[in-house]
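Worksheet: one structure, shown below.
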Amino acid sequence: MELLSGAEMVVRALKDEGVEYIYGYPGGALLHIYDALFQQEDVKHILVRHEQAATHMADAYARATGKAGVSLVTSGPGATNAVTGIATAYMDSIPMVVITGQVMSHLIGEDAFQETDMIGVSRPVVKHSFSVQNPEDIPAIIKKAFHIAESGRPGPVVVDIPKDMTTPTERYPYEYPASVKLRSYNPVSRGHTGQIKKAMDMVLSAKRPVIYSGGGIVMGDASNELTELAQMLNVPVTNTLMGLGGYPGTDRQFIGMLGMHGSYEANMTMHHADLILAVGARFDDRVTNALDKFCPTAKVIHVDIDPAAISKTIKADVPIVGPAKSVLAEMVSIVKASKKQIDKEALESWWQQIEEWRTRHGGRFRTDDSELMKPQQVIEMLSKVTNGDAYVCSDVGQHQMFAAQYYKFNKPNRWINSGGLGTMGFGLPAAMGVKLNFPDADVACVTGEGSIQMNIQELSTISQYDIPVKVICLNNQSLGMVRQWQDMNYESRHSQSYMKSLPDFIKLVEAYGHVGMKVDKYEDLEAAMQEAFSLKDRMVFMDIAVDPFEHVYPMQVPRGSMRDMWLTKTERT
């Protein structure tokens, strides 16, 4: 049997797991592992400029592929810098393995240089964590980490490795397990057939049904099954922010995103439905608004891989624990075999009402006589120039909501954003992680002048590794979503929401060796964006001036029902 050091075991285990890229930043506790990385070529390392970026790159890779991304950070501040990225993945159920260095075993608990209890610090925001106590355990621990991260409800796993577990001169037998079995961890592989039959009987009896799907459809590879079921039944489909692309965004049956900034027709459909089939969604607060006013006439069928998510906030009339893909496939089979059919007359009347709602609002926004561009126009142009087929990675704020509303995603895994945690600084490293793994695809980072500065140092990483992403910066000179809330709830007292002394982004990106474009007029936008995406081997930063006073609408009225929305600054349902 081959003998390897603990450091070599880490690297070999990653190779045997099929990992091509890891993202990280070296430090003393990791130097044995970094030396082992240097002496091989199969596992490629990307040197970021901040550990948070390493986790976001790994996270975005996972969102785009469904496979766990890997980051490698040193002990102490390196590990704590990664916590934001770990929490981002945890909130959105994204598979990720984060390997953290640790001080030598005999120094743990002694307040040694760069010591942090990473197991304790990360415990609330990981699916599981491991601390290596014996170098011989490393292959099995790495295998378990990937299994836990990718199975069941996905999530991040931390593997904390003291430096003395990786000493180069100490060698141990290496064997990477072909599989792993954990006695206390057995996620279900299919739903309960009796519950699924009961659910489909309710669906086929409904007069005003709606399918409400979330990120579980995307990460569970269930888009095809969802689409087949919805189109067989001819029922409306709405997605959460995390579920966009799980059902084709340009299809007639898609009624838009629901929730706080959801479409008028989606929120109205949900409120008036008599049956909600929720799949891979968790009824979070950005969807439901006031729980006591949520969809008062609807029965709820809730499908989720995680039993803890079902009836957590909204009581399910029919709970189904199981993977979205297999449950939906079984639902399709039941409909095909059933003699019972959905009430077509009632469904036609339901669609007429939905079309009326769609006609009333339908994602409209107002342009005026000023020369200021609307951010919605920029996103629509991005969709046009990329033929709706780009990987769109966003930061967090108004630009994120505009991208979600106005870019029509027809494929899953193309919308890469931080939903649950809402992490500013996510967009640029996320785009980098996607572009590295899909070099021939168009990859755009939609951001604002506030978010982009959170991790703008990664322009240096882009230079080192030639990662030609396109940055679409909607520059409104302010923290737009903060300012919108101040306009609506604080009588426009803009406390610390205006960005002053902004850098000249064009000069800044050029200093890193990239291409900068400034666009001030809408008539110049299409040509500039076409040029940006034609530069296949260059990173391009588009600094686009947009109306600083534009708000994101619709917007739910706080503590109201789903149908209570602001539609413009002066129009409310």
Side-chain angles (χ1 to χ4, degrees), residues 56 60 244 365 372-409 414-418 424-435 438 441-456 458-459 462 467-481 499 502-506 508-510 512 514-536 538-548 550 552:
H56 292 332
L244 290 173
F365 61 92
L372 292 171
M373 264 182 288
K374 298 295 183 182
Q376 300 95 320
Q377 292 177 302
V378 179
I379 301 301
E380 287 184 337
M381 186 61 70
L382 176 63
S383 187
K384 177 182 177 181
V385 168
T386 60
N387 298 311
D389 198 36
Y391 288 88
V392 179
C393 306
S394 89
D395 265 306
V396 172
Q398 285 183 323
H399 56 269
Q400 176 189 26
M401 294 299 108
F402 287 130
Q405 291 175 333
Y406 291 93
Y407 198 102
K408 303 304 179 186
F409 296 93
R414 296 300 180 101
W415 170 236
I416 313 292
N417 86 119
S418 169
M424 293 175 70
F426 176 84
L428 183 60
M432 294 159 59
V434 173
K435 186 65 175 178
F438 297 93
D442 286 331
V443 180
C445 166
V446 176
T447 187
E449 77 294 328
S451 282
I452 192 64
Q453 293 186 86
M454 292 281 185
N455 271 315
I456 202 163
E458 297 310 315
L459 291 172
I462 291 174
I467 310 173
V469 300
K470 315 305 178 194
V471 174
I472 313 299
C473 181
L474 305 184
N475 192 336
N476 62 4
Q477 307 283 307
S478 66
L479 301 176
M481 191 61 82
M499 282 278 181
L502 287 171
D504 183 329
F505 287 114
I506 306 305
L508 181 60
V509 299
E510 287 176 347
Y512 281 103
H514 306 307
V515 176
M517 295 182 178
K518 189 169 182 63
V519 183
D520 296 313
K521 297 179 180 179
Y522 179 68
E523 54 263 35
D524 299 331
L525 179 62
E526 182 170 7
M529 198 172 284
Q530 290 280 11
E531 182 184 356
F533 280 92
S534 72
L535 298 172
K536 298 297 183 183
R538 297 298 301 277
M539 183 275 180
V540 182
F541 188 109
M542 299 191 72
D543 184 13
I544 304 173
V546 296
D547 186 347
E550 186 71 1
V552 181

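For clarity, every value in this text was computed on a predicted model and none was experimentally measured.
- Side-chain contact between Met373 and Val378: present, with at least one pair of heavy atoms (C-beta onward) separated by less than 4.5 Å.
- Looking at Gln376 and Glu550, their side chains do bring a donor and an acceptor atom within 3.5 Å of each other.
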*Test Phe426 against Asn455 for side chain to side chain contact (heavy atoms under 4.5 Å, CB included), laying out the working first.*
CA-CA 8 Å; Phe426 176 84; Asn455 271 315; over 6 Å; no
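- Between atom CD of residue Gln477 and atom CE of residue Met499 there is a gap of 10.0 Å, rounded to the nearest 0.5 Å.
- Using a 4.5 Å heavy-atom cutoff, the side chains of Val515 and Glu510 are not in contact.
- A donor-acceptor contact shorter than 3.5 Å is absent between the side chain of Asn387 and the backbone of Asp389.
- Under the 3.5 Å distance criterion, the side-chain polar atoms of Ser451 are left unmatched by any main-chain donor or acceptor of Thr447.
- Atom CD1 of Ile472 is separated from atom CE of Met517 by 9.5 Å, given to the nearest 0.5 angstrom.
- Remark: Tyr522 OH to Leu372 CG distance equals 14.5 Å, nearest 0.5 Å.
- With a 4.5 Å cut-off on side-chain heavy atoms, Ile452 and Phe541 count as touching.
- Here the side chains of Lys470 and Met542 are not in contact, with every heavy-atom distance at 4.5 Å or above.
- A salt bridge links Lys536 and Asp442; the closest N-O separation between the charged side-chain nitrogens and carboxylate oxygens is under 4.0 Å.
- Cation-pi check for Arg414 over Phe409 is not met; the charged atom does not lie both under 6.0 angstrom from the ring centroid and within 45 degrees of its normal.
- Listed for the Ser534 side chain is a donor-acceptor partner under 3.5 Å among the backbone atoms of Glu531.
- Inter-residue side-chain proximity for Val434 and Cys393 is flagged as met; some heavy-atom pair is nearer than 4.5 Å.
- Listed here is the closest heavy atom pair of Ile416 and Ala430: CG2-CB, 4.3 Å.
- Gln400 and Asp395 share no side-chain donor-acceptor pair at under 3.5 Å.
- Note: Cys473 SG to Phe505 CZ = 5.0 Å, rounded to the nearest 0.5 Å.
- To the nearest 0.5 Å, the span separating CH2 on Trp415 from OH on Tyr391 amounts to 15.0 Å.
- Atom CE of Met454 is separated from atom NE2 of His56 by 10.0 Å, given to the nearest 0.5 angstrom.
- Applying side chain to side chain contact (heavy atoms under 4.5 Å, CB included) to Glu458 and the options Ile467, Leu428, Val469 leaves one that passes, Leu428.
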